[in-house]
Amino acid sequence: QVQLVESGGGLVQAGGSLRLSCAASGRTFSSYAMGWFRQAPGKERDFVAAISWSGGRTAYTDSVKGRFTISRDNAKATVYLQMNSLKPEDTAVYYCAAGRSYSNLYNGYDYWGQGTQVTVSS
């Protein structure tokens with residue numbers, strides 16, 4: 001069992017930056033691939049970024065490439081999402097997820113956090 005708690009969301013102006021954190025419980029964090037997803041009102045939960053258990057592989061959805069960076073610190077059992085050059089269309093609830101497989105698919109993950117709101121004003 002893995003419990004995930006996101007933090008770092010908030011209100012920011014377009015062009016600004018935020019860093020999301022996701023702290024995991026349990027001693028097996030380093031064996032899980034981690035992902036970030038987001039869900040805007042009335043829309044499905046969409047893939048944002050993923051990182052393999054070692055941090056050696058990362059993947060991003062096209063709309064955030066070059067602006068967002070996913071990273072992890074296995075010693076701290078934490079995964080991060082650095083978000084730069086934020087746009088109003090990035091506004092959503094952001095969720096972190098843990099899974100046994102490195103994936104960009106929603107059903108590739110077994111554990112989910114409660115989400116953190118990111119609002120980007122124009």
Side-chain angles (χ1 to χ4, degrees):
Q1 187 79 6
V2 177
Q3 292 185 328
L4 304 171
V5 179
E6 301 98 334
S7 61
L11 173 64
V12 64
Q13 289 187 333
S17 298
L18 284 174
R19 188 176 83 154
L20 305 183
S21 299
C22 174
S25 66
R27 295 178 292 176
T28 59
F29 173 79
S30 60
S31 65
Y32 285 90
M34 299 297 295
W36 285 97
F37 288 73
R38 64 187 179 186
Q39 188 167 19
K43 296 188 177 181
E44 295 184 347
R45 192 171 297 187
D46 292 329
F47 170 75
V48 176
I51 189 166
S52 61
W53 66 270
S54 68
R57 289 187 296 166
T58 57
Y60 300 90
T61 192
D62 286 346
S63 63
V64 309
K65 285 181 180 177
R67 300 188 298 123
F68 290 12
T69 303
I70 189 171
S71 61
R72 66 188 296 160
D73 185 337
N74 286 344
K76 295 181 178 180
T78 301
V79 63
Y80 305 96
L81 186 68
Q82 178 66 44
M83 306 186 295
N84 299 328
S85 302
L86 282 161
K87 303 176 181 180
E89 50 264 44
D90 294 318
T91 295
V93 177
Y94 283 71
Y95 298 89
C96 72
R100 290 295 187 183
S101 301
Y102 173 69
S103 173
N104 63 350
L105 301 177
Y106 177 88
N107 59 10
Y109 293 87
D110 303 307
Y111 303 102
W112 293 83
Q114 83 290 349
T116 185
Q117 176 71 46
V118 172
T119 303
V120 184
S121 63
S122 58

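No experiment lies behind these values; they were computed from the predicted model shown.
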Residue pair Tyr60 / Ile70: nearest heavy atoms and the distance that separates them | OH-N, 2.9 Å
When rounded to the nearest 0.5 Å, the distance separating NZ of Lys87 from OG of Ser122 is 14.0 Å
Could I get the full list of side-chain hydrogen bond (donor to acceptor under 3.5 Å, both in side chains) partners for Ser17, not counting sequence neighbours?
-> Asn84
Specify the closest pair of heavy atoms between Ala50 and Ser103, including all atoms of both residues, with the distance to one decimal.
-> CB-O, 3.6 Å
Closest heavy-atom contact between Ala92 and Gln117?
-> O-NE2, 3.5 Å
Does any N or O in the side chain of Ser54 come within less than 3.5 Å of the main-chain N or O of Gly56, such that one atom is a donor and the other an acceptor?
-> yes
All pairs passing ring pair (Phe, Tyr, Trp, His ring centres under 6.0 Å) where residues 34-59 contributes a residue, at least two apart = Phe37-Phe47, Phe37-Tyr109, Phe37-Trp112
Is it true that Leu18 and Leu81 fall in one hydrophobic cluster, defined by side-chain heavy atoms closer than 4.5 Å?
-> yes
Specify the closest pair of heavy atoms between Phe29 and Val79, including all atoms of both residues, with the distance to one decimal.
-> CZ-N, 4.1 Å
CD of Gln3: more than 12 outside heavy atoms within 6.0 angstrom?
-> no
By side-chain hydrogen bond (donor to acceptor under 3.5 Å, both in side chains) - contacts of Thr61 (at least two apart) | none
Residue pair Ser25 / Val2: nearest heavy atoms and the distance that separates them = O-CG1, 3.9 Å
Using side-chain hydrogen bond (donor to acceptor under 3.5 Å, both in side chains) as the criterion, list what pairs up with Glu89, not counting sequence neighbours.
-> none
Minimum side-chain heavy-atom gap Tyr94-Glu6 below 4.5 Å = no
Does the Tyr102 side chain pair with the main chain of Thr58, one donor and one acceptor, at a distance under 3.5 Å?
-> yes
Does Gly108 offer a backbone N or O that forms a donor-acceptor pair with the side chain of Ser101 under 3.5 Å?
-> no
Under a 4.5 Å cut-off applied to non-hydrogen side-chain atoms, are Gln82 and Phe68 in contact?
-> no
Tightest non-hydrogen contact, residues Leu4 and Met34, listed as CD2-CE, 4.0 Å
Residue pairs, two or more places apart or on separate chains, that pass side-chain hydrogen bond (donor to acceptor under 3.5 Å, both in side chains) and touch residues 62-79 = Arg38-Ser63, Asp62-Lys65, Arg67-Asp90, Arg72-Asn74
Same apolar cluster (I L V M F W Y, side chains within < 4.5 Å links), Val118/Val93 | no
May I ask whether Ile51 and Tyr80 are part of the same hydrophobic cluster, defined by side-chain heavy atoms of I, L, V, M, F, W, Y residues being less than 4.5 angstrom apart, directly or through others?
-> no
Which residue pairs pass the disulfide (SG to SG under 2.5 Å) test when at least one of the two sits in residues 62-122, sequence neighbours left out?
-> Cys22-Cys96
Joint hydrophobic cluster, Tyr111 plus Tyr95, side-chain heavy atoms closer than 4.5 Å | no
